[in-house]
Amino acid sequence: MFSIINFATDAVLAADVAPGNSGPLGILLGHLVAAIVFSIVGIAVLVSSYMVIKRLLPFSITKEIEEDQNTALAIIIGAGIIGMSMIISAAILG
(Lines give C-alpha, C1' and ligand atoms only; values in the text may rest on other atoms or scores of the structure.)
Protein backbone atom coordinates (compact mmCIF):
# COMPACT_ATOMS: atom_id res chain seq x y z
CA MET A 1 0.00 0.00 0.00
CA PHE A 2 2.83 2.38 0.77
CA SER A 3 4.36 1.70 -2.64
CA ILE A 4 1.15 2.97 -4.26
CA ILE A 5 1.34 6.16 -2.21
CA ASN A 6 5.02 6.58 -3.11
CA PHE A 7 4.12 6.05 -6.78
CA ALA A 8 1.49 8.79 -6.64
CA THR A 9 3.86 11.16 -4.86
CA ASP A 10 6.62 10.44 -7.39
CA ALA A 11 4.17 11.04 -10.24
CA VAL A 12 3.27 14.46 -8.87
CA LEU A 13 6.91 15.41 -8.30
CA ALA A 14 7.95 14.11 -11.72
CA ALA A 15 5.21 16.16 -13.37
CA ASP A 16 6.37 19.25 -11.49
CA VAL A 17 10.07 19.01 -12.42
CA ALA A 18 10.20 17.10 -15.72
CA PRO A 19 11.57 19.30 -18.52
CA GLY A 20 9.00 18.15 -21.10
CA ASN A 21 6.04 18.25 -18.73
CA SER A 22 6.70 21.51 -16.96
CA GLY A 23 3.56 23.12 -18.32
CA PRO A 24 0.19 23.32 -16.60
CA LEU A 25 -1.07 20.19 -18.39
CA GLY A 26 1.77 18.07 -16.99
CA ILE A 27 1.14 19.35 -13.49
CA LEU A 28 -2.59 18.73 -13.87
CA LEU A 29 -1.95 15.19 -15.10
CA GLY A 30 0.35 14.46 -12.16
CA HIS A 31 -2.19 15.74 -9.67
CA LEU A 32 -4.97 13.81 -11.40
CA VAL A 33 -3.00 10.56 -11.14
CA ALA A 34 -2.27 11.25 -7.47
CA ALA A 35 -5.95 12.00 -6.76
CA ILE A 36 -7.08 8.78 -8.43
CA VAL A 37 -4.50 6.66 -6.60
CA PHE A 38 -5.28 8.28 -3.24
CA SER A 39 -9.02 7.81 -3.84
CA ILE A 40 -8.57 4.12 -4.55
CA VAL A 41 -6.35 3.65 -1.49
CA GLY A 42 -8.79 5.62 0.70
CA ILE A 43 -11.79 3.59 -0.45
CA ALA A 44 -9.87 0.34 0.14
CA VAL A 45 -8.97 1.41 3.68
CA LEU A 46 -12.56 2.47 4.39
CA VAL A 47 -14.01 -0.83 3.14
CA SER A 48 -11.43 -2.86 5.06
CA SER A 49 -12.15 -0.95 8.28
CA TYR A 50 -15.88 -1.62 7.83
CA MET A 51 -15.17 -5.32 7.30
CA VAL A 52 -13.09 -5.42 10.51
CA ILE A 53 -15.93 -3.78 12.46
CA LYS A 54 -18.40 -6.23 10.91
CA ARG A 55 -16.22 -9.18 11.98
CA LEU A 56 -15.74 -7.92 15.54
CA LEU A 57 -19.41 -7.38 16.34
CA PRO A 58 -21.19 -10.39 17.89
CA PHE A 59 -24.34 -9.84 15.78
CA SER A 60 -25.24 -9.38 12.12
CA ILE A 61 -25.33 -5.71 11.11
CA THR A 62 -27.44 -6.50 8.05
CA LYS A 63 -30.05 -8.42 10.05
CA GLU A 64 -30.26 -5.75 12.75
CA ILE A 65 -30.69 -2.86 10.31
CA GLU A 66 -32.84 -4.45 7.60
CA GLU A 67 -35.01 -6.97 9.43
CA ASP A 68 -35.20 -5.55 12.96
CA GLN A 69 -35.27 -1.88 11.79
CA ASN A 70 -32.57 -0.88 14.29
CA THR A 71 -32.22 2.81 13.45
CA ALA A 72 -29.77 3.49 16.28
CA LEU A 73 -27.31 0.94 14.90
CA ALA A 74 -27.64 2.42 11.42
CA ILE A 75 -26.82 5.87 12.79
CA ILE A 76 -23.81 4.53 14.71
CA ILE A 77 -22.45 2.66 11.66
CA GLY A 78 -23.01 5.73 9.48
CA ALA A 79 -21.20 7.94 11.98
CA GLY A 80 -18.32 5.45 12.05
CA ILE A 81 -18.05 5.51 8.26
CA ILE A 82 -18.08 9.32 8.23
CA GLY A 83 -15.44 9.40 10.98
CA MET A 84 -13.16 6.96 9.12
CA SER A 85 -13.63 8.99 5.93
CA MET A 86 -12.57 12.17 7.73
CA ILE A 87 -9.48 10.45 9.13
CA ILE A 88 -8.52 9.04 5.72
CA SER A 89 -9.02 12.40 3.99
CA ALA A 90 -6.91 14.17 6.62
CA ALA A 91 -4.17 11.57 6.19
CA ILE A 92 -4.20 12.00 2.41
CA LEU A 93 -4.08 15.80 2.58
CA GLY A 94 -1.20 15.70 5.03
Please list, one pair per line, the donor and acceptor atoms closer than 3.5 Å that link side chains of residues 40-49 to other protein atoms, with sequence neighbours excluded.
unit_1 : atom_1 : unit_2 : atom_2 : d
Ser48  : OG     : Ala44  : O      : 3.1
Ser48  : OG     : Val45  : O      : 2.9
Ser49  : OG     : Val45  : O      : 3.3
Ser49  : OG     : Leu46  : O      : 2.8

How many angstroms lie between [atom1] in [X] and [atom2] in [Y], if you round to the nearest 0.5 Å?
X	Y	atom1	atom2	value
His31	Ile27	NE2	CD1	6.0 Å
Ile76	Ile53	CD1	CD1	11.0 Å
Ser60	Ile65	OG	CD1	9.0 Å

Hydrophobic cluster membership, Phe59 vs Ile81, 4.5 Å side-chain cutoff: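 Yes.
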Common cluster, Met51/Met84, ILVMFWY with side-chain heavy-atom separation under 4.5 Å: yes
Test log, rule side chain to side chain contact (heavy atoms under 4.5 Å, CB included), inputs Ile61 and Tyr50: CA-CA 11 Å; Ile61 295 174; Tyr50 174 74; 4.1 Å; yes
Nearest heavy-atom neighbours spanning Glu66 and Gln69: O-NE2, 2.8 Å
